[in-house]
Amino acid sequence: MGETEKIEVRDITRIERIGAHSHIRGLGLDDVLEARAVSQGMVGQKDARRAAGVVVQMVREGKIAGRCILLAGEPSTGKTAIAVGMAQALGTETPFTSMSGSEIYSLEMSKTEALSQALRKSIGVRIKEETEIIEGEVVEIQIERPATGTGQKVGKVTLKTTEMETNYDLGNKIIECFMKEKIQAGDVITIDKASGKVNKLGRSFTRARDYDATGAQTRFVQCPEGELQKRKEVVHTVTLHEIDVINSRTHGFLALFSGDTGEIKQEVRDQINNKVLEWREEGKAEINPGVLFIDEVHMLDIECFSFLNRALESDMAPVVVMATNRGITRIRGTNYRSPHGIPIDLLDRMIIIRTVPYSEKEVKEILKIRCEEEDCIMHPDALTILTRIATDTSLRYAIQLITTANLVCRRRKATEVNTEDVKKVYSLFLDENRSSKILKEYQDDYMFSEINEHEEDVAAAGGGGAKRRIDTGDGDAQAMEH
Amino acid sequence: MSYQNWLDYLQSAEKNSMLSGKLRKVHYKFPDGRQMAEEYNMDTGIVQRRAWRKSKQLMGEPEWELELGEEPRQINWNGNNSRGGGGDADNVSGGEFTVRESNSAPLLTKRVTKKNIEWRIRNLPYPLNVYNVSAEPDLHAIVVRTSNKKYYKVIPVPDLDRCGMPPIQANISTHHQFNTLIITYQKPDILCEMEAQVLLLLKNVETETDMDDLLKGLLAK
């Protein structure tokens, strides 16, 4: 029982959630790499998008290794959006690793190890391998659990093609796969014999009438022909990092205690590089270099930058795209100041794409797209007000107001968000500007503010603070209702 | 219609040979990375077992694949040694396999005799009239079909491929007995000739002395 419950929970998380950039489906470029005004979820930022399009082209050709591109611009000008757009434009075949500059600081791994793992995750290797697969329609499946609840499960499945039928015994691991994929009689599946990967191709046509209601995404396929077991040449796409992990794993008893993410020896990496190059020469493998995207790159410190300098020179390096919203600032780990917080020698190896603030029209367009993404119907007037809010405060704040205004609107059982809803949430939630203004005004009433200024009347403030804070809340509400 | 290619291929291999009891075992290492092992019966000069090992792409030791002959029967039948690996007492644990055919599923083995190539498919309980065994020259194979749609198998015939012969329907005969379907294919003359040539070729391969015989000799003293 516990088993099935767990599976249910896992399934809920599979429902698609709406993220900050989930509306982006590409870079919105036409065939000659000209940026369309509004396309694929991207708005404005034409020059930057065109530049990104050129970079995408460069990655697709796959000849250039170790180039570095910096996306620089003010906060919320679409740097991450452009990176997401690039990932979408490249498609699922090209590895695109996205990380944040602060991700490399871990107690378990050195910074450079984390960086080289990220670099190697961004290089795909397509390997052609002949494997034995079983492809057939499930006639019957039975999985028996022991009465005690724990212990070995016993599984049997009968598969058939148009020509034959065979019984298979299932191992423990593959039973888990069967349950995860919710495989039942009538499904057409493939099993990779070596890896034990189970893949559901769809439901058999002969079972199409079994249920009146089927899910929208149910696919119907023909029952396979011929033999159940086939030798097929499959193309695996694995990243260099995955090959590293498989080959560096401590075998046997120790494997229990060492995770996948331990440090990988340089010798292992060198060996694998040689092997991959050998395969490429023999035509067995194809190297598919991808993109490593490092957001908030100013969070890297001087060691990482000098490591990157060297790592980018390797001919196995991917194209690295970085994004930062800093101007001239201190390089982390030093006292030197440098543009974007990146040392000049690394900056010299980069090409820099600048993003510019959005115009009012573009902001409106973005808000409209976000409304659609969140299934929110908004009155044109409300949208105008929201656009105004976005230009006065920030785009992110305005986007957050869409969600909240939509909730408020549903509270009063309306379908369309109107100006009143937007005003209401505007008064309910502060933006950064108003919040900091209030902080400045009432600085003295907040905790610990007295330490610097009035050290003698600590006791007095401790008593009166709470009372006055309530007053503050009332004051806010009044101020906003104007 | 020539076996010259096959002879050249064997010629190119690095060969090792040894005697063990009544068997002569020959190991071939081909320049393309493949390996082949054969067991010849000393009395008849006929191949009893032949296995291939192809080099694997990603990591891991490749396994031997039997082209001909039978795997040694095992009582503790589990996934690990169903592929001809060693049947150690350690891996009787079971449950380690991912997926395997149930032991009531049909099992195909191949055997070569002086005049014929024989396939035995065990665990096939249906009467003889259910089966339809046909030679398919396009596929370079013999195809077994069943009218009740329970069994289907494309059997490649590498021996015939090696001498460039397509399979011929007239040479096939079938027989059913004790839950076993026996398919017999009469060897064409060119195949017999090729096998004789291969034996001639192997004559020149140096054979190591058998350790068993040596030991027996020592013990006798």
Asks: Please give me the minimum heavy-atom distance between A:M164 and B:Y152, naming the atom from each residue.
Replies: SD-O, 3.2 Å

Asks: Tell me whether the count of non-hydrogen atoms from other residues, nucleotides or ligands lying under 6.0 Å of NZ in A:K200 goes above 12.
Replies: yes

Asks: Would you say NZ of B:K115 has more than 12 non-hydrogen atoms from neighbouring residues, nucleotides or ligands within 6.0 angstrom?
Replies: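 No.
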
Asks: Check whether any side-chain heavy atom of A:E227 sits under 4.5 Å from a side-chain heavy atom of B:V154, and report yes or no.
Replies: yes

Asks: Indicate yes or no: at least one non-hydrogen side-chain atom of A:T166 is less than 4.5 angstrom from one of B:E101.
Replies: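 Sidechains of B:E101 and A:T166: in contact.
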
Asks: Rounded to the nearest 0.5 Å, how far does CD of A:E165 lie from OG1 of B:T146?
Replies: 9.5 Å

Asks: Hey, what do you get for OG (B:S104) to CG (A:D169), rounding to the nearest 0.5 Å?
Replies: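 It comes to 8.0 Å.
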
Asks: What part of A:Q229 lies closer than 4.5 angstrom to a heavy atom of chain B: side chain, backbone, both or neither?
Replies: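 The answer is the side chain of A:Q229.
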
Asks: Where on A:T162 is there a heavy atom nearer than 4.5 Å to chain B: the side chain, the backbone, both, or neither?
Replies: backbone

Asks: Any chance CD of A:Q266 has more than 12 other-residue heavy atoms, nucleotides or ligands included, within less than 6.0 Å?
Replies: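 Above 12, so yes.
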
Asks: Provide the closest heavy-atom pair for B:A105 versus A:N167 in the form atom of the first, atom of the second, distance.
Replies: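 What the structure gives for the nearest pair is CB-O, 4.4 Å.
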
Asks: Flag yes if more than 12 heavy atoms outside B:Q177 fall under 6.0 Å of its CD atom; otherwise flag no.
Replies: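 Correct, the count exceeds 12.
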
Asks: Crowded around B:E14 CD? As in, over 12 foreign heavy atoms under 6.0 Å?
Replies: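 No, because the 6.0 Å sphere around CD of B:E14 holds 12 heavy atoms or fewer from other groups.
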
Asks: So does A:K230 have more than 12 non-hydrogen atoms from other groups sitting under 6.0 Å from NZ?
Replies: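 It does: A:K230 NZ has more than 12 such atoms within range.
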
Asks: Looking at A:K160, I want to see if its NZ is surrounded by more than 12 non-hydrogen atoms of other residues, nucleotides or ligands under 6.0 Å.
Replies: no

Asks: Tell me, side chain or backbone of A:L228 under 4.5 Å from chain B's heavy atoms, or both, or neither?
Replies: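 Neither part.
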
Asks: Would A:R231 and B:E65 count as a salt bridge (Lys or Arg N to Asp or Glu O under 4.0 Å) if you check the C-alpha gap in whole Å, the side-chain angles of each, and the deciding distance to 0.1 Å?
Replies: CA-CA 13 Å; A:R231 286 194 154 272; B:E65 274 169 44; 3.2 Å; yes

